[in-house]
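Written below as C-alpha cells is the structure these notes are about.
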Amino acid sequence: LSFYTTEGVQVKMMNTLSNYKDHKLGCSVEEYDQKLLLSSTLYVGNLSFYTTEDQVYELFSMCGEVKRVIMGLDKNKKTPCGFCFVEFCSHEEADNVVKYISGTKLDDRIIRTDWDPGFIEGRQYGRGKSGGQVRDEYRTDYDEGRGGPGMGGARMFRMGGGQFRRKDGLEAPEDVA
C-alpha cells in the first residue's frame, strides 16, 4: 500500500489493518497487507489468564460464525497466557468484531483485537524467555488477571526494590515473590 504526496513523492504505508506485524512470517509488508485484507482471523490480546475458550467463543459468536478459538499458551507450562486467535467464516464477520467488540471488557479486562494474516501451528505459544508473552516480562505491576506480578516487577522485588501494590492499593499476597 502506498500513496503519493502533492510533491509526487511515493510514501509506502505500513499495514493499515493491524498495529502488529509478525516478523517471523518472513514476508514483505505488501504480502502481509494482502494477507490481512483477505484474512478472517483475529488476534485477541489483553485477556485474563483465567478467560476460557468458551467465554471467547460466546462473546465473539455475537458477530458471526466462529470456526475455532486457539488459546495462547505459555510454551513451557502449557497454561493460558493472555491472548488467543479467533477464526471466522468470513472477513466481514471478523470485521464486525473489530468494529463492535474490540475495546470492550471480557473478564473485567479491556480486550483488543488486531487482524492476523492467518493462524499457523506454533504461533499459539508465548515468545517470551519465560514461556509466556514478552510484554509480561517487562511489566512491573501486580496484575491478578495476568498471573500476579510481571517478571520485571518480580526481579525488582527479589532485588529489594519494594513491595508489590495491587491496582486497588492493597499489598499483594505474600506468595508473589
Side-chain angles (χ1 to χ4, degrees), residues 17-22 24-25 36 39-154 157 164-177:
L17 292 176
S18 177
N19 292 320
Y20 173 76
K21 181 175 188 305
D22 187 342
K24 291 191 176 194
L25 291 180
L36 294 180
S39 180
S40 59
T41 303
L42 296 175
Y43 168 88
V44 183
N46 201 37
L47 293 175
S48 166
F49 286 13
Y50 308 104
T51 299
T52 66
E53 185 176 328
D54 288 340
Q55 287 173 290
V56 173
Y57 185 88
E58 183 178 346
L59 177 63
F60 283 65
S61 63
M62 293 178 173
C63 289
E65 186 178 342
V66 174
K67 274 191 195 176
R68 69 178 175 157
V69 175
I70 302 108
M71 297 301 287
L73 301 173
D74 180 299
K75 69 182 167 198
N76 299 325
K77 301 176 198 168
K78 306 300 186 263
T79 56
C81 66
F83 72 96
C84 73
F85 297 93
V86 181
E87 292 180 342
F88 286 88
C89 290
S90 73
H91 182 85
E92 293 73 26
E93 291 170 323
D95 193 43
N96 285 334
V97 170
V98 173
K99 289 177 190 172
Y100 305 118
I101 292 181
S102 187
T104 63
K105 282 190 174 184
L106 176 61
D107 251 1
D108 291 324
R109 302 189 63 79
I110 296 174
I111 58 171
R112 67 177 178 81
T113 61
D114 243 325
W115 286 100
D116 189 81
F119 177 74
I120 298 170
E121 189 62 37
R123 290 186 64 218
Q124 74 269 35
Y125 297 113
R127 295 181 178 174
K129 292 176 187 171
S130 66
Q133 288 193 62
V134 173
R135 68 175 269 197
D136 288 318
E137 295 183 351
Y138 294 96
R139 186 171 52 78
T140 58
D141 63 330
Y142 181 85
D143 187 339
E144 198 168 321
R146 292 193 72 81
M151 297 299 290
F157 186 84
F164 283 111
R165 297 272 176 204
R166 293 169 35 135
K167 290 180 183 178
D168 56 13
L170 302 173
E171 284 188 16
E174 294 292 324
D175 63 348
V176 296

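Worth saying up front: this structure is predicted, and the values here are computed from it rather than measured. Atoms considered below: every heavy atom in the structure, side chains included; atoms not considered: hydrogens, waters and symmetry mates.
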Set of salt bridge (charged side-chain N to carboxylate O under 4.0 Å, His left out) partners for Glu93, sequence neighbours left out: none

Qualifying salt bridge (charged side-chain N to carboxylate O under 4.0 Å, His left out) pairs with a residue from residues 79-92, counting only residues at least two apart or across chains: Arg68-Glu87

Smallest separation among heavy atoms of Ser39 and Gly118, with atom names: OG-N, 4.2 Å

Nearest atoms (heavy-atom pairs only) where Leu47 meets Phe83: CD1-C, 3.7 Å

Ring geometry between Phe119 and Phe85 (parallel below 30°, tilted from 30 to 60°, perpendicular above 60°): tilted

Non-hydrogen side-chain atoms of Val56 and Val44 separated by less than 4.5 Å: no

Check: Phe60 and Val69 side chains under 4.5 Å, non-hydrogen atoms: no

Inter- and intrachain pairs under side chain to side chain donor-acceptor pair (under 3.5 Å), touching residues 54-65, at least two apart: Thr52-Gln55, Gln55-Asp107

Interatomic distance, Thr41 atom OG1 to Ile70 atom CD1 [nearest 0.5 angstrom]: 7.0 Å

Gap separating the OG1 atom of Thr104 from the CD1 atom of Ile110, nearest 0.5 angstrom: 9.0 Å

Evaluation steps, side-chain contact (heavy atoms from CB on, under 4.5 Å), between Ile111 and Leu59: CA-CA 12 Å; Ile111 58 171; Leu59 177 63; 4.1 Å; yes

Backbone of Phe88 reached by a side-chain donor or acceptor of Ser40 within 3.5 Å: yes

Using a 3.5 Å cut-off and no angle test, enumerate the donor-acceptor pairs between side-chain atoms of residues 94-101 and protein atoms at least two apart in sequence or in another chain.
unit_1: Asp95; atom_1: OD2; unit_2: Lys99; atom_2: NZ; d: 3.4

Asn46-Arg112 side chain donor-acceptor pair, cut-off 3.5 Å: no

Partners meeting side-chain hydrogen bond (donor to acceptor under 3.5 Å, both in side chains) with Thr113 (sequence neighbours left out): Ser102

Working for side-chain contact (heavy atoms from CB on, under 4.5 Å), residues Leu42 and Trp115: CA-CA 5 Å; Leu42 296 175; Trp115 286 100; 3.7 Å; yes

